[in-house]
Participant: 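What follows is a structure written as structure tokens; I'll ask about it next.
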Amino acid sequence: MANATQGHMTLPVEVGQEEVVLDLYKRWQADALRDSDGTTMPDSLAEQDCDIYSVLCIVRADQEYAKAHPEFLHRKYLSSFPMTAMNNELVIKPLEGYCSEKYELDNHSEPKRHWEVRNRTTGDVVPVEQWEFEAENGTVIVRDCTPYHEYTASVMVRQVWDSVSMYNALTNGWTGDKIRSLDPYHPECRTHLKRYFAKWLEEHPNTSVVRFTTFAFLFVIDANEQNQDIYRDWTGYGETVSPEALDDFEKEYGYRLTPEDFVDAGYYNGTYKVPSKRYLDWMAFIQKFVADFAGELVGMAHAAGKKAAMFQGDHWIGTEPFLPSYQEIGIDINVGAVEDGVALRRLTDSAGDQVKEARFYPYFFPDVFREGNNPVTESMSNWVKIRRAMLHKPLDRIGYGGYLSLANKFPHFIDHVTQISDEFGTYRQNSAGTESAKIGGKVAVLNAWGLARSWLQNQAQDQRFYVPPRPDVMELVGNNPLECLAGLPFDVEFISFEDILTNGIADDIKVIINTGDANSAWSGGEYWGNPQIVTALREFVGKGGGLLGICDPSAHLQNGRFFQLGDVFGLEKETSLTMGRVAQPVQLDGDHYLAQCLTGEEDFGNLSYVYSQAHDMSVIASQGQHLAMTARQYGEGRSVYLGNLPFSMTNARLLQHVLVWLSKSENESYAWLSDSALVDACYYPATEKATVVNYSSEPQQLQVTDKSGEKQTITLEGYEWRWMDA
């Protein structure tokens, strides 16, 4: 095999495909082999002189134990769909409408203690004396109802079909038993899983890297009676519940959580919602447990002479790499599923000295690798976004997963990945694991989650639906400023409103971005009703900072305003309460610096009734009376408003100009800063190398200023990525 120290890819294996593996190992510059879900490591390959990654999902590993101990299965709260009482008695079937193959009512929890019935019309809890659970037919009987009021029953359920197993069965045609997942919170179960892992380590002497997928709890996926997904939350903690954990939480925090704290009136504490203090406490409680359990497993792997890798997906709840507790686990390699620039930055920007390895899409599964489909189309769409984000934070390794036999049926895809690997190898050589030069000052993205949810895609109303036939991949069709930002040469950090309340705004932050739909965690919701927050942001801009608002920045209806920082932006949004106001004529300021940056190809998405409230504000772009882009001086600082910012390279370049202007850097000259919307450029001070990358399939030309101040004109072929001396 090739010298492992020269490689940079983890290659999936498959029994019967040994010759293909050996061929692609060389062509794709691999230095490690891995098994995947549904595949087995051939003995001949397990003994090769390279890193051997072995996938282990510890909570799914021992199905015999899972079948014998239903009391240790993953549990969660589900709320029945609301029912209207037509008289004084109501019969609720709590699981009606949900997948009967996936859930069953938990008979190890006490209904009167752990369940709850609510009048959803009034919001009141129905006293336990007014309802009964009939176990023989799985119904809840509610008496003394108020006619024509809606009611729900929130019940604890066991999951008897793991969501990943269910997905593979329904989407990829896997057969076999329905996999169940165990909850290691229970001491007896935890002890068993550790014994199982000790035996597993003995049985895998050739494994050099244990690839945990991952440790304890899966993110939230709910399914209906047709086995279709009806709810997803990739960072949701809904599947971490058990009576034992609830009891221990009460002992530690001094109060008891209720079913409503989890079902949340049917919103289930979605990541798009501003989190409650009670939900944050539960998250912290679970994070502490998972970090402790994961640390034990990683310690066992290290004691056996093996490295530990964690896959940032599937059962990753409680081990998110931006959490401070994550660094206590001892992970050696972070593996992230990466399909775009945002996902890449979520991997590469995480703290710690772990090796950062991107597992690329498409996964080698039949949903993509099927007759009549071209997997290169999806891969290239991903790669051009990924590589522009790679320019700004170093990535160490790449890899794939799935059935190599499927990928090998598409020779064009094999050649395509060969080129990706070549480009990545050149990137590693020229960047030497260092960061590219940045411009301006630090840019902070402000939302309710801050650091914990760094580079998490903020869903907006016009992009919210998961699109068949790939429900595992969200189609982002609307506001997407993070993808624009992922490939720009700025230092970026994520801060929360609690950070501002506790510590104020750091001196090194030059621009703050607030973006998202009104009432969401991303915009901030009720946080904008706090005078301390509003005053801090006004002072930040008034004393020279820059503020960028996109979509519904500072939105919270209070005190005669919808945009609480409307005085900073000089704007307001129509919410049907100010319709008596007469619209003022819109005049574009064509002389403004930002107006000079427009190309006419910008996309401001769907706009909604934002109008001027200041005469000293510049309108840069509009759709009729609807303001699409504005700029304003506020005290010594500046503000910019954008109605929407879908991802395109034109919009990304516009965002670059906006951030430069907000940081008051528009008159400075920067080396290796691209003037072309379709070409990215940057340089690496540590290696004295510069690079230019063509995002498009067509030839492009750009002008850049090199380090000596000389202008260079560069012509690139379609998708070309070129390196040169800086």
Side-chain angles (χ1 to χ4, degrees), residues 10 32 34-37 41 51-66 69 72-74 162 164 179-219 237 239-240 242 244-245 248 283-337 350 352-357 359:
T10 303
R34 62 162 289 204
D35 53 3
S36 306
D37 283 349
M41 178 71 67
D51 270 334
I52 301 296
Y53 285 50
S54 292
V55 172
L56 177 67
C57 183
I58 189 68
V59 297
R60 295 196 304 245
D62 189 347
Q63 285 301 293
E64 292 304 314
Y65 189 82
H69 293 277
F72 297 152
L73 296 183
H74 278 181
D162 177 88
V164 176
I179 301 299
R180 303 178 177 209
S181 286
L182 291 161
D183 181 352
Y185 189 84
H186 309 278
E188 180 184 332
C189 181
R190 179 173 179 169
T191 299
H192 172 78
L193 293 178
K194 288 163 58 180
R195 282 199 301 262
Y196 181 95
F197 184 48
K199 186 171 182 291
W200 185 94
L201 288 169
E202 293 177 359
E203 294 172 347
H204 290 75
N206 296 315
T207 296
S208 56
V209 179
V210 183
R211 188 181 186 273
F212 290 101
T213 315
T214 325
F215 293 104
F217 302 111
L218 185 72
F219 60 93
Y237 276 59
E239 306 201 350
T240 62
S242 67
E244 294 79 4
D248 290 346
M283 291 176 65
F285 175 77
I286 292 297
Q287 288 159 7
K288 180 180 178 182
F289 159 71
V290 177
D292 183 63
F293 176 58
E296 287 185 307
L297 298 180
V298 169
M300 293 171 66
H302 288 167
K306 306 179 190 302
K307 295 180 181 179
M310 188 198 81
F311 176 59
Q312 298 173 17
D314 291 1
H315 297 77
W316 77 315
I317 297 304
T319 56
E320 297 93 321
F322 287 96
L323 297 174
S325 58
Y326 179 76
Q327 297 304 324
E328 301 170 7
I329 298 173
I331 294 290
D332 303 293
I333 305 170
N334 288 349
V335 182
S350 56
D353 58 1
Q354 290 85 10
V355 172
K356 309 299 196 307
E357 177 175 330
R359 196 220 65 200

Participant: Give me the atom names and distance for the closest heavy-atom approach of Ala216 to Val59.
Facilitator: O-CG1, 3.7 Å
Participant: Kindly write out the residues that satisfy side chain to side chain contact (heavy atoms under 4.5 Å, CB included) with Thr191, not counting sequence neighbours, or none if the list is empty.
Facilitator: Arg195
Participant: Strictly by salt bridge (charged side-chain N to carboxylate O under 4.0 Å, His left out), give each pair with a member in residues 198-219 just once, sequence neighbours left out.
Facilitator: Lys199-Glu203
Participant: Identify, with sequence neighbours excluded, every residue that meets ring pair (Phe, Tyr, Trp, His ring centres under 6.0 Å) alongside Tyr65.
Facilitator: His69, His192
Participant: Closest heavy-atom contact between Ser242 and Tyr185?
Facilitator: OG-CD2, 4.2 Å
Participant: Of all residues at least two apart in sequence or in a different chain, which pass the side chain to side chain donor-acceptor pair (under 3.5 Å) check with Asp183?
Facilitator: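 For Asp183, no residue satisfies side chain to side chain donor-acceptor pair (under 3.5 Å) once neighbours in sequence are set aside.
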Participant: With sequence neighbours excluded, what pairs up with Thr213 under the side chain to side chain donor-acceptor pair (under 3.5 Å) test?
Facilitator: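 Side chain to side chain donor-acceptor pair (under 3.5 Å) check on Thr213 returns nothing, list empty.
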Participant: Please round to the nearest 0.5 Å and tell me the distance separating atom CZ of Phe72 and atom CZ of Arg180.
Facilitator: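 Between Phe72 CZ and Arg180 CZ, I get 14.0 Å after rounding to 0.5 Å.
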Participant: Are the side chains of Asp35 and Tyr53 in touch, meaning some heavy atoms are under 4.5 Å apart?
Facilitator: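 SC-SC contact between Asp35 and Tyr53 ruled out.
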Participant: Using the salt bridge (Lys or Arg N to Asp or Glu O under 4.0 Å) criterion, which residues pair with Glu328? Sequence neighbours excluded.
Facilitator: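 Scan of Glu328 (salt bridge (Lys or Arg N to Asp or Glu O under 4.0 Å), adjacent residues dropped) gives none.
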Participant: Kindly give the heavy-atom pair with the smallest separation between Ser350 and Pro321, and that separation in Å.
Facilitator: CB-CB, 3.8 Å
Participant: Distance check, rounded to the nearest 0.5 Å: Tyr196 atom OH versus Leu201 atom CG?
Facilitator: 11.0 Å
Participant: Mind checking what makes salt bridge (Lys or Arg N to Asp or Glu O under 4.0 Å) contact with Asp162, not counting sequence neighbours?
Facilitator: Arg60
Participant: Could you pull out every donor-acceptor pair under 3.5 Å between side chains of residues 297-315 and any protein atom, sequence neighbours left out?
Facilitator:
residue : atom : partner : partner atom : Å
His302  : NE2  : Asp332  : OD2          : 2.7
Lys306  : NZ   : His204  : O            : 2.9
Lys306  : NZ   : Thr207  : O            : 2.7

Participant: Mind checking whether Trp200 and Val210 have side chains closer than 4.5 Å, heavy atoms only?
Facilitator: yes
Participant: To the nearest 0.5 Å, tell me how far Ser181 OG sits from Ile58 CD1.
Facilitator: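 It comes to 11.5 Å.
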Participant: If you apply the rule side chain to side chain contact (heavy atoms under 4.5 Å, CB included), what do you find for Val55 with Arg34, and how did you get there?
Facilitator: CA-CA 7 Å; Val55 172; Arg34 62 162 289 204; 3.8 Å; yes
Participant: Flag the pair Trp316 / Leu218 as yes when at least one side-chain heavy-atom distance between them is below 4.5 Å, and no otherwise.
Facilitator: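 No, side chains not in contact.
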Participant: Strictly by side-chain hydrogen bond (donor to acceptor under 3.5 Å, both in side chains), give each pair with a member in residues 288-298 just once, sequence neighbours left out.
Facilitator: Arg190-Asp292, Arg190-Glu296, Lys194-Glu296
Participant: For the residue pair Phe289 and Pro184, establish whether any side-chain heavy-atom pair is separated by less than 4.5 Å.
Facilitator: yes
Participant: Could you pull out all residues at least two apart from Gln327 that satisfy side chain to side chain donor-acceptor pair (under 3.5 Å)?
Facilitator: Gln354
Participant: Supply the atom-to-atom distance Phe215 CZ to Thr319 OG1, rounded to the nearest 0.5 angstrom.
Facilitator: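 Reported value, rounded in 0.5 Å steps: 6.5 Å.
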Participant: Check ring pair (Phe, Tyr, Trp, His ring centres under 6.0 Å) between Phe293 and all other residues, then give those that pass, not counting sequence neighbours.
Facilitator: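 Residues passing ring pair (Phe, Tyr, Trp, His ring centres under 6.0 Å) with Phe293: none at all.
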Participant: Would you say the side chain of Val209 lies within less than 4.5 Å of the side chain of Ile333, judging by non-hydrogen atoms?
Facilitator: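 Ile333 reaches Val209 side chain to side chain.
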Participant: Checking the side chain of Glu320 only, and the main-chain atoms of Gly318 only, is there a donor and an acceptor separated by less than 3.5 Å?
Facilitator: yes
Participant: Is a side-chain N or O of His74 found less than 3.5 angstrom from the main chain of Leu182, in a donor-acceptor match?
Facilitator: yes
Participant: So, using ring pair (Phe, Tyr, Trp, His ring centres under 6.0 Å) as the criterion, who are the partners of Tyr237 when residues are at least two apart?
Facilitator: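 In terms of ring pair (Phe, Tyr, Trp, His ring centres under 6.0 Å), with neighbours along the sequence ignored, Tyr237 is linked to no residue.
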